[in-house]
Amino acid sequence: MNTSPAIILLATTTIAVPSWASGQEHPDTPDLVRPGESRFGEMQQLTFAGENAEAYWSFDGSTLVYQSTRTPGEGCDQIYTYDPATGQQQLVSTGDGRTTCSYFYPGGDRILYSSTHHFSRACPTPPDFSRGYVWAVYPSFDIFAADVDGTNLRQLTNEFGYDAEATFSPTGDRIIFTSIRDGDLDLYSMRPDGSDVTRVTDRLGYDGGAFYSPDGTKIVWRAHYPETAEEREDYLSLLAEGLIRPSALDIYVADADGSNIRQLTDNGAANFAPYWHPSGEQIIFSSNMDDPRGREFELYLINVDGTGLERITWSEGFDGFPVFHPDGTRLVFGSNRNMSHEGNTNLFLVEWRDSR
């Protein structure tokens, strides 16, 4: 999460009702499944304009929550809910500042998201790319909880510095998130009310985008750990400016408390946005590992022991943020396929085949 990676070129927003709900499709939507995408059945495009990303299911699988910038190049991401059965959507964040990383509470009655609105109604200053491609980790991000209609807003974190990328355990007892509160970007967990904050990782480098396994016993996340003195200097100097360089990220899994860490990828690429298959035995993620230029991002599936790597998508541009429906029959993800303009990324919903 904090995943508006420009390696991603996010974009979208006008909602179309899926054909299994309405029997209709957007009139300009071609065949969306590309040759070689044997895991995919029927695919529906959910958004067609603006900038959308990071769509996550409610635990009962009835609703999505996602972030969207309605007019490309204007304003900041805000949080919306989306009902795939009707196409109905609702703004649930305040409309001010920048938001990111939304997620449902297990009960489905509240949502998490991170926001800068309490520091300023304006969008924070975009990152300076004079030092190469970087992500901003805005110190004004804090984690908030609200009812599903956006009311009853409550701030869960109060430490100055980046607090974001929060997701819930299915057991309902812990939230995992990324914070810089101790001087580095590490994973922490807390209770649903923001109390009992516990540090989960402590290795120098960026730890982020963590998700609990379906039974709540494990976590998966993306990380970059600088190894050489030069890499450490680059990481720390950027971090002092509220920036990170995401060109090399790997996928890790561990027990929920951070013990028994295992590295799943080691390919020098930008591997990110990991998410659990409902079986708890596989991880789906996005990577540019097959593009020497680093521009093409595809979806991949890998076993939790690091074996069985399988490429899932074969579409030009970006495919990322894959999230399985709780019953494993569908997958929602972001993609440049059928884009209306250069860099346009939309949300897509596809029937998933566990066997090819």
Side-chain angles (χ1 to χ4, degrees), residues 1-8 100-101 127 131-139 141 159 161-167 176-189 197-213 218-276 283-291 294 297 300 302-307 309 320-321:
M1 304 180 76
N2 180 41
T3 32
S4 305
I7 29 186
I8 300 181
T100 190
C101 309
R131 298 186 62 179
Y133 178 67
V134 292
W135 292 352
V137 284
Y138 296 111
F141 264 130
E159 297 272 347
Y162 184 78
D163 288 304
E165 309 179 36
T167 62
I176 195 163
F177 64 103
T178 294
S179 177
I180 199 172
R181 62 187 58 209
D182 291 314
D184 192 18
L185 288 166
D186 282 298
L187 298 180
Y188 294 77
S189 74
V197 176
T198 303
R199 192 169 180 174
V200 176
T201 61
D202 59 7
R203 183 175 175 182
L204 179 68
Y206 166 61
D207 295 287
F211 296 91
Y212 287 98
S213 60
K218 296 180 175 61
I219 53 173
V220 65
W221 75 100
R222 62 179 181 228
H224 168 64
Y225 301 126
E227 300 289 349
T228 67
E230 182 180 3
E231 289 175 343
R232 288 192 290 271
E233 181 181 358
D234 180 65
Y235 172 75
L236 290 172
S237 64
L238 284 172
L239 192 61
E241 299 178 29
L243 303 169
I244 58 172
R245 195 184 310 281
S247 54
L249 295 167
D250 280 302
I251 307 301
Y252 291 78
V253 295
D255 291 347
D257 63 0
S259 62
N260 297 320
I261 295 177
R262 301 185 303 282
Q263 184 174 348
L264 298 192
T265 63
D266 186 13
N267 50 31
N271 308 281
F272 77 106
Y275 202 81
W276 294 89
I283 303 294
I284 194 167
F285 65 100
S286 182
S287 176
N288 59 357
M289 70 175 78
D290 285 327
D291 182 10
F297 281 80
Y300 296 82
I302 194 170
N303 296 328
V304 291
D305 63 0
T307 64
L309 181 67
F321 305 118

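For clarity, every value in this text was computed on a predicted model and none was experimentally measured. For this chain, numbers begin at 1 and follow the sequence in order.
Scored by the side-chain contact (heavy atoms from CB on, under 4.5 Å) test, S247 finds R245 as partners (sequence neighbours excluded). Under the side-chain contact (heavy atoms from CB on, under 4.5 Å) criterion, D202 pairs with R199, not counting sequence neighbours. Partners of D255 under the salt bridge (Lys or Arg N to Asp or Glu O under 4.0 Å) rule, at least two apart in sequence or in another chain, do not exist in this structure.
Put simply, CG on D234 and CG on L239 are 11.0 Å apart, with the number rounded to the nearest 0.5 Å. For the atom pair M289 CE and D266 CG, the distance stands at 11.0 Å (nearest 0.5 Å). In this structure, NE2 in H224 is found 9.5 Å from CG in D250, a value given to the nearest 0.5 Å. The CD1 atom of I251 lies 6.0 Å from the CZ atom of F285; values are rounded to the nearest 0.5 Å. Here D184 contributes atom CG and Y206 contributes atom OH; the two are 11.5 Å apart, rounded to the nearest 0.5 Å. In this structure, OG on S259 lies 9.5 Å from NZ on K218, to the nearest 0.5 angstrom.
Minimum heavy-atom separation, P274 to F211: O-CD1, 3.2 Å. In this structure, Y138 and P127 approach most closely via the heavy-atom pair OH-CD, 3.7 Å. Residues A270 and N288 come closest through the heavy atom pair N-OD1, 2.9 Å. Closest heavy-atom contact between A136 and L243: CA-CD2, 4.0 Å. A pairwise comparison of heavy atoms in S287 and A269 identifies OG-CB, 3.9 Å as the closest pair.
Using a distance-only test at 3.5 Å, with no hydrogens or angles considered, no donor-acceptor pair links the side chain of T178 to the main chain of L185. In this structure, the side chain of T167 engages the main chain of A210 through a donor-acceptor pair within 3.5 Å. Between the side chain of N303 and the backbone N or O of D305 there is no donor-acceptor pair closer than 3.5 Å. No donor-acceptor pair closer than 3.5 Å links the side chain of Y162 to the backbone N or O of I180.
L236 is listed as a side-chain neighbour of L204, based on a closest heavy-atom distance under 4.5 Å. Counting heavy atoms from C-beta outward, I283 and V304 have side chains that approach closer than 4.5 Å. In this structure the side chain of S237 reaches within 4.5 angstrom of the side chain of R131, judged on heavy atoms.
Using a 3.5 Å distance cut-off with no hydrogens or angles, the side chains of Y300 and N271 do not pair a donor with an acceptor.
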Steps toward side chain to side chain contact (heavy atoms under 4.5 Å, CB included) verdict (E165, W221): CA-CA 10 Å; E165 309 179 36; W221 75 100; over 6 Å; no
Steps toward side chain to side chain contact (heavy atoms under 4.5 Å, CB included) verdict (F297, D291): CA-CA 8 Å; F297 281 80; D291 182 10; over 6 Å; no
Apply side chain to side chain contact (heavy atoms under 4.5 Å, CB included) to the pair V220 and Y275, showing each step before the final yes or no. CA-CA 7 Å; V220 65; Y275 202 81; over 6 Å; no
Can you list the steps and then say if D163 with F141 is a side chain to side chain contact (heavy atoms under 4.5 Å, CB included)? CA-CA 5 Å; D163 288 304; F141 264 130; 5.6 Å; no
Might you work through the side chain to side chain donor-acceptor pair (under 3.5 Å) test for N267 and T265, ending with a clear yes or no? CA-CA 6 Å; N267 50 31; T265 63; 5.0 Å; no
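Among the candidates Y225, Y188, Y252, the single residue satisfying the side chain to side chain donor-acceptor pair (under 3.5 Å) test with D207 is Y225. Just one residue in the list I302, L264, I219 forms a side-chain contact (heavy atoms from CB on, under 4.5 Å) with V253, and that residue is L264.
When the shell of 6.0 Å around CD of E241 is examined, it contains more than 12 heavy atoms from other residues, nucleotides or ligands.
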